[in-house]
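Here the structure is a predicted model, which is why all the values come from computation and not from measurement. Numbers restart at 1 for each chain; the letters A, B, ... are given by sequence-line order, proteins then strands.
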Amino acid sequence: MSTDQTVVTRFAPSPSGHLHVGGARTALYNWAFARKHGGRFILRIEDTDRKRSSDQAGLAFLDDLRWLGIDWDEGPEHDGCGGGETGPYHQSQRLEIYQRFIDQLIKQGRAYPAFETPEEIDAARERARQEKRNYRYDRAALQLDAATVQQYLDEGRPHVIRFRMPDDREITVNDQVLGEVTKSSNEYEDFVIRKADGYPTYHFAVVVDDALMNVTHVIRAQEHLNNTHRHLMLQEALGFPHPTYAHLSVVANPNGSKMSKRDKDKALRAAVLERQIASPPQIGDGLAVREEEWSWWMEDPDRQLETDAANALAEVLDVQLPEINVDDFRRSGYLPEVLINYLALLGWNPGGDIEKFDAAFLCEHFALDRVIKSPARFDREKLLAFNLDALQEMPENDFAARLRHHAERYHPAFLDKLGEEDFATFAAANQSRSKTLDDCFRSDRFFVMDDDQITYEVNKSVRKALVNGEPNGITHLEGLLHALRDLKTWDSESIEAAVKQYTDEHADGKLGKVAQPLRIAVTGGTVSPAIFDTLKILGRESTLARIERCLLQKDEITQPVS
RNA sequence: GCCCCGUUCGUCUAGAGGCCCAGGACGCCAGGUUCUCAUCCUGGUAACAGGGGUUCGAAUCCCCUACGGGGUGCCA
């Protein structure tokens with residue numbers, strides 16, 4: 001138990017690609033707790049499952065953490081963070097360390113080799129299930145005499161090392177969020193602490209690493225609550241101090257189901273099935289998904305596409321993937337400070353009616369006793385509302401800079417096409433109508449299209465804007481063509497003056513009567529930024545070309561629709 | 001099956017025995033502003049899971065039930 005020592009927390013994910021929002025919240029709380037107490041925050045990679053680990057995948061969430069503004073004092077070196085005295089911080093590089101403690105436990109008689117194969121254990125487990133018994137390892141290996149054990153070991157028989165769980169002990173976890181949770185040691189079997197491949201199991205590695213890295217507070221997901229009793233016994237046997245524990249409830253989907261990366265595949269598979277797509281669609285000059293992967297993926301609802309393939313497929317199918325990972329929210333145009341605020345609030349609050357706060361506030365006020373016990377559903381609507389507020393409050397220059405960054409990463413075509421000055425106008429024209437940094441790129445595609453690529457929507461509101469009234473929209477377009485062609489300077493103010501003058505003279509000053517026809521002519525639809533800015537960015541040439549093109553197609557565009 | 005945890009408006013939550021016929025935020029509904037979309041403004045809707053206790057008094061304490069979640073891996 002920590003008394004007067006420095007607070008040390010850690011975030012210890014397994015390297016499975018991008019950072020999940022649930023994991024992000026765990027990391028955030030650990031980080032904030034350490035900062036609040038002037039302590040240290042460690043990042044550790046739990047890569048003891050050889051089947052699931054690859055170096056490549058481990059890196060992505062480091063960027064995600066940094067993007068959120070979370071830094072770590074010890075851990076893998078990345079982007080100015082990490083390093084430290086108690087490494088290495090990849091568990092796969094700490095095998096000798098674990099072995100030392102395994103040997104110690106064996107010497108103490110607290111651990112022993114067991115030679116059953118996984119198949120044998122599975123069969124025994126299955127038998128127990130059918131007989132409606134609770135399965136627990138029967139300690140058969142303890143019946144082997146020393147000579148036999150030695151002989152097996154000499155033969156090099158595959159084996160695991162199991163921890164000898166004490167009998168008839170009441171084990172109490174004093175959880176900082178949930179209170180005291182007591183269980184009997186008899187609920188637990190002699191669990192495996194070293195796998196047949198020589199790697200430690202999670203239970204063993206966490207206990208050893210937390211102790212060696214001087215971790216004082218373990219803040220982790222509630223799924224580990226029942227593991228903690230095991231860890232307490234391990235710590236006792238190894239002579240380690242017990243850290244303070246706090247278990248966090250899960251972050252769930254709006255429907256209450258667990259938020260999972262599989263949700264993306266689910267959305268994609270549904271779209272594929274609904275549209276009866278039989279083979280991987282084309283994207284650019286390749287396929288969105290490789291042929292072999294496609295059938296493999298379609299056959300089994302549990303299988304998941306690689307991130308790149310999933311994103312590519314979503315793009316061609318024009319499916320909006322549910323955001324699950326921090327990176328998804330980044331792509332969708334959420335601000336990191338907003339995500340942090342929302343995530344922090346999902347399971348903790350400073351009390352009273354305070355909802356909006358920044359990371360500094362979190363670091364100053366975060367406390368375990370205000371962490372909520374019950375699971376929280378992730379509400380995208382509220383996140384979106386927070387993002388909107390943040391965007392609207394932002395100084396114009398900041399918004400423009402953020403938008404530019406976002407464009408560089410996700411929509412470079414806008415930068416190429418618009419250039420410095422027009423991009424600035426584009427940003428200014430879009431701030432007040434943006435809920436995310438991505439909104440305008442999706443809704444304003446007409447800016448980066450060639451004039452002759454514009455297709456006109458044929459629907460009621462388009463028809464209404466073009467044919468209703470006397471004079472009607474088509475007539476206004478013809479008039480505006482002249483008014484705009486002769487404009488001396490092409491900027492928002494001049495355009496506005498000219499259009500307003502036209503409106504006063506020909507439409508009783510009702511701007512809507514001329515703005516909508518104009519909007520349709522240059523964008524193909526009824527939605528765009530303020531019309532004067534839109535025309536300014538488009539340029540005189542494109543504006544006139546599009547109006548002319550619209551007039552040429554007026555009969556098709558205005559045909560009656562049911 | 002067994003064990004553990006949880007349960008306030010649709011959602012996130014405030015609430016630590018009287019301040020609560022329950023407050024805020026998001027959503028939703030109704031009206032208003034606006035060149036479209038989005039904003040913005042005004043108003044409104046809506047909850048203590050159920051049942052027993054304890055107490056002068058319970059959303060707050062105790063018990064039971066129901067429901068939700070987690071664990072029961074040579075995954076973490």
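- A:Gly347 comes within 4.0 angstrom of the backbone, heavy atoms only, and of no base.
- In this structure, A:Glu131 contributes its side chain and A:Ala128 its backbone to no donor-acceptor pair below 3.5 Å.
- Contact check, A:Asn349 against B:A14: a side-chain N or O comes under 4.0 Å of OP1 or OP2.
- Note on A:Pro158: nothing from the nucleic acid sits closer than 4.0 angstrom, heavy atoms only.
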Apply the test salt bridge (charged side-chain N to carboxylate O under 4.0 Å, His left out) to residues A:Lys513 and A:Asp508: give CA-CA distance (whole Å), side-chain angles for both, the deciding distance (0.1 Å), then the verdict.
CA-CA 9 Å; A:Lys513 290 285 173 199; A:Asp508 297 332; over 6 Å; no
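- Between A:Arg125 and A:Asp122, at least one side-chain nitrogen of the basic residue sits less than 4.0 Å from a carboxylate oxygen of the acidic one, meeting the salt-bridge criterion.
- Within 4.0 Å of A:Glu223, counting heavy atoms only, lies at least one base atom of the nucleic acid.
- Using a 4.0 Å heavy-atom distance criterion, A:Leu345 is classed as a sugar-phosphate-only contact.
- In terms of polar N and O atoms assigned as donor or acceptor, the side chain of A:Glu355 comes within less than 3.5 Å of the base of B:G24 in a complementary pairing.
- The distance between the ring centers of A:His203 and A:Phe191 falls below 6.0 angstrom.
- Taking a 4.0 Å limit (strictly below) on heavy-atom distances, residues 115-126 of chain A reaches RNA chain B at A:Glu116, A:Thr117, A:Pro118, A:Arg125.
- By the 30° and 60° cut-offs, the orientation of the rings of A:Phe329 relative to A:Tyr334 is perpendicular.
- In this structure, A:Ala12 reaches neither bases nor backbone, as no heavy-atom distance under 4.0 Å exists between it and the strands shown.
- A side-chain donor-acceptor contact under 3.5 Å links A:His411 and A:Asp438.
- OP1 or OP2 of B:G69 has not a single side-chain nitrogen or oxygen of A:Ser374 nearer than 4.0 Å.
- Toward the 5' end of RNA chain B, the nearer of the two residues A:His224 and A:Phe532, judged by each one's closest nucleotide, is A:Phe532.
- Panel note: side chain A:Tyr342, backbone A:Asp379; a donor-acceptor pair is recorded below 3.5 Å.
- Residue A:Arg136 places none of its side-chain N or O atoms closer than 4.0 Å to OP1 or OP2 of B:G73.
- A donor-acceptor pair under 3.5 Å is formed between the side chain of A:Arg380 and the backbone N or O of A:Glu323.
- Of the side-chain N and O atoms in A:Lys195, none sit less than 4.0 angstrom from OP1 or OP2 of B:G73.
- Across B:U54 and B:G71, the matching C1' atoms stand 34 Å from one another, rounded to whole Å.
- Ring centers of A:Phe441 and A:Phe426: under 6.0 Å apart, within the cut-off.
- Not a single donor-acceptor contact under 3.5 angstrom links the side-chain atoms of A:Arg133 to the base of B:C2.
- Relative to the side chain of A:Glu381, the nucleotides B:G6, B:C3, B:G27 differ in distance, and B:G27 lies closest.
- Listed nucleotides B:A25, B:C37, B:G10 differ in distance to A:Arg433; the shortest reach to its side chain belongs to B:C37.
- In this structure, A:Lys435 reaches the B:U39 phosphate: one of its side-chain N or O atoms is under 4.0 Å from OP1 or OP2.
- Scanning residues 498-513 of chain A for heavy-atom distances under 4.0 Å to RNA chain B yields A:Leu511, A:Gly512.
- Salt bridge annotation for A:Arg303-A:Asp265: absent, with no cationic side-chain nitrogen under 4.0 angstrom from a carboxylate oxygen.
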